[in-house]
Amino acid sequence: MGRRTGWWRGRTVLAGAAVLLSVAASAGPATAAGTPPPYRFAADAEQVEGATQPADAVRLSPGTTYRSSIGDNGKLYYGLRLDAVSNAYVSATAVPRVGTKVVYSDGIKVSIQDPDGHKCFSGDAGAARFGATESPRPLTAWASRRAGPDTYACKGAGTYSVLVERISGGESSPDDWELELQYVSEPALKKSGSTSAPEVWDSASPEALGGSARTRKGGTSFNEARSLEQGVWKDGIRAGQTLFYRVPLDWGQQIYATAELGPADGDGFLGNALAMSLYNPVRAFVDDAGTGYDGAEKSAELEPLPPVAYENRYDVDDQVSGMRFAGWYYVAVHLGAGMAEKFGDGPFELTLRVRVSGAPGAAPAYAGTAAPRDVFDVTAGDKDAAASGAAATGGDGGSDGNTAMKAVAAGGIGAGFVLVLGLVVWTVAARRRATTAAGDAGEVAVPPVDGTASREYGAPRAW
């Protein structure tokens, strides 16, 4: 039994080594400490698979964030169960891999379809493309189902479908893109009001906000966007990186934002270097601005936008209709990957000038208690977060400190695995030599159960 016991111990140790190898392989290449991922997904996101037919679609729940993926020129369906009175908003953020090749027309498109397959959201407004930067980055598109007496389609209750389409060119990389999906439901009003958007509002650009800049480090996604209040903020941004910030806007307030890229050494000109985009509380696109770069300081400024008002949704202009509810508005700033070739990887000096004007007004009266209060209003806690610079806490990687610790842990697994595996092999070899010696002394050898011949392995020569 001594020979059998020793052999099984060897099998156990080798099994442990296999498990350790599996863990090390799944950890993947270690990320350098302090280097954030291209996009940090929601920590509580549920993994789902898109279906190729509406009938097979997994149903999404309001207030829940999901993770999925989409292939080259893929078309995937997800399900919704809608009533006849609530508004529905679905966003999809596509995240290509680092180094993926994309072209101008590549992008993502989202639409909602009624039970008969008719689209509730028509035209190209539900599409987001990489555009002239041709630089891979998180890209967000959205669609909505609007209920109410002024609507003519998708009015009834029933099972609806969300169609997510990937738009890919022939010169693009065919790698899968990861997806983050979010579904938000907005209840009806207690009493129907005006269905006309405000026609008069202050559309003049104010003077540039002055004062000394304070440091606020942006996050890598909606889920960990850095909170900002009115002020001048500075950060560093690298070529190919996208940084996310968020600003609380109450009913009746306006936002003005400018992004400035500081000077840098280098040679040449990049036509589309810096891109700034604004998204509303349901991640619906509102406006964007961009600028080229030649090494001198450049800036991009959002156009003047109307004050937040429920009635803005009735305007045909996306920039106006996007300002339809209070809550966190997201500013995403992307620096084109092409900057690296002409001006280096960076980081480059980034300055944000954010102005919030107007006194907070009264919120619309939503029916019942179904309104997601953490989405369509601004709380005292939100204002405190903006003042202190707190980041959104929904990211799957935690704080910068946790990111660094994870990187160290991953690095430790990679570096220590060779040593541990060597010790395992040496232990097994030592046990086998011992049992072989026992067999020579008269013990009966017990062969492996699979009938294969055993082999002896000595310690590596380097030891």
*Between R238 and G346, is there a donor-acceptor pair closer than 3.5 Å when you use the side chain of the first and the backbone of the second?*
yes

*Those residues that, when tested against Y329, pass side chain to side chain donor-acceptor pair (under 3.5 Å) (two or more places apart)*: none

_How long is the straight-line distance from CG of L243 back to CZ of R216, given to the nearest 0.5 Å?_
14.5 Å

*Could you pull out all residues at least two apart from S91 that satisfy side chain to side chain donor-acceptor pair (under 3.5 Å)?*
none

*salt bridge (charged side-chain N to carboxylate O under 4.0 Å, His left out) with D384: which residues, sequence neighbours excluded?*
none

*For V103, does its backbone N or O pair with a side-chain atom of R129 as donor and acceptor, under 3.5 Å?*
no

*Check the surroundings of atom CG in D267: do more than 12 heavy atoms from other residues, nucleotides or ligands lie under 6.0 Å from it?*
no

*For the student: nearest non-hydrogen atoms of P307 and W201, plus distance*: CD-CB, 3.7 Å

*Strictly by modelled atom types, are S172 and D106 linked by a side-chain donor-acceptor pair under 3.5 Å?*
yes

*Find the distance between CG (D175) and NZ (K101) and round it off to the nearest 0.5 Å.*
13.0 Å

*If a pair satisfies salt bridge (Lys or Arg N to Asp or Glu O under 4.0 Å) and one of its residues is in residues 283-294, list it, with sequence neighbours excluded.*
E180-R283, D294-K298

*For Y256, side chain to side chain donor-acceptor pair (under 3.5 Å) partners two or more places apart*: Q254

*Might you point out which heavy atoms bring S61 and Y183 nearest each other, and give the distance in Å?*
C-CD2, 3.4 Å

*asked:* Distance check, rounded to the nearest 0.5 Å: D56 atom CG versus E49 atom CD?
replied: 12.0 Å

*Is R226 reaching over with its side chain to a backbone N or O of G389, donor-acceptor style, under 3.5 angstrom?*
yes

*Is there a donor-acceptor pair closer than 3.5 Å between any side-chain N or O of S203 and the backbone N or O of P304?*
no

*Please lay out, stage by stage, how N223 and Y39 fare under the test side chain to side chain contact (heavy atoms under 4.5 Å, CB included).*
CA-CA 9 Å; N223 306 298; Y39 187 87; 3.8 Å; yes

*Count the heavy atoms of every other residue, nucleotide or ligand shown that sit under 6.0 Å from CD of Q47, and state whether that count exceeds 12.*
yes

*Could I get the full list of side-chain contact (heavy atoms from CB on, under 4.5 Å) partners for E349, not counting sequence neighbours?*
T351

*asked:* Would you compute the distance between atom CG of L249 and atom CE of M323 and round it to the nearest 0.5 angstrom?
replied: 5.5 Å

*Can you sort out the partners of Y89 under ring-ring contact (aromatic ring centres under 6.0 Å, His included), two or more places apart, ordered by chain and number?*
F325

*With rounding to the nearest 0.5 Å, note down the distance linking CH2 in W328 to CG in D382.*
5.0 Å

_Partner residues of D317 under the side-chain contact (heavy atoms from CB on, under 4.5 Å) criterion, sequence neighbours left out_ = D315, Q319, V320

*Closest heavy-atom contact between A385 and S227?*
O-CB, 3.3 Å

*Main-chain N/O of T258 paired with E301 side-chain donor or acceptor, under 3.5 Å*: no

*Are the side chain of N272 and the backbone N or O of G292 linked by a donor-acceptor pair below 3.5 Å?*
no

*Rounded distance (nearest 0.5 Å) linking atom CG of L228 with atom OH of Y245*: 7.5 Å

*Does N280 have any side chain to side chain donor-acceptor pair (under 3.5 Å) partners at least two apart in sequence or in another chain, and if so, which?*
none

_Within a 6.0 Å radius of atom CD on E297, are there more than 12 heavy atoms belonging to other residues, nucleotides or ligands?_
yes

_Nearest heavy-atom neighbours spanning L163 and Q113_ = CD2-NE2, 3.6 Å

*With no hydrogens and no angle check, is any side-chain donor or acceptor of E134 less than 3.5 Å from a backbone partner on Y104?*
yes

Which atom pairs, donor and acceptor, lie under 3.5 Å between side-chain atoms of residues 205-215 and protein residues at least two apart or in another chain?
none

*Is the side chain of H334 donor-acceptor paired with the backbone N or O of L274 at a distance under 3.5 Å, no angle test?*
no

*Over 60° means perpendicular and under 30° means parallel, so classify the ring planes of W251 and Y310, tilted if in between.*
tilted

_Residue pair I237 / V333: nearest heavy atoms and the distance that separates them_ = CD1-O, 3.7 Å

*I would like to know whether R324 and E186 meet salt bridge (charged side-chain N to carboxylate O under 4.0 Å, His left out); could you show each step before the answer?*
CA-CA 11 Å; R324 68 180 63 186; E186 182 191 26; 5.9 Å; no

*Any side chain to side chain donor-acceptor pair (under 3.5 Å) pairs touching residues 72-82, not counting sequence neighbours?*
S68-Y78, D72-S168, R81-T159

*Of all residues at least two apart in sequence or in a different chain, which pass the ring-ring contact (aromatic ring centres under 6.0 Å, His included) check with F343?*
Y293

*Is atom CZ of F269 surrounded by more than 12 heavy atoms (other residues, nucleotides or ligands) closer than 6.0 Å?*
yes

*Under 3.5 Å donor-acceptor, R137 side chain and F130 backbone*: yes

*Is a donor on one side and an acceptor on the other found under 3.5 Å between the side chain of S144 and the backbone of R146?*
no

*Compare every heavy atom of S299 with every heavy atom of E260, then report the nearest pair and how far apart it is.*
CG-CB, 3.7 Å

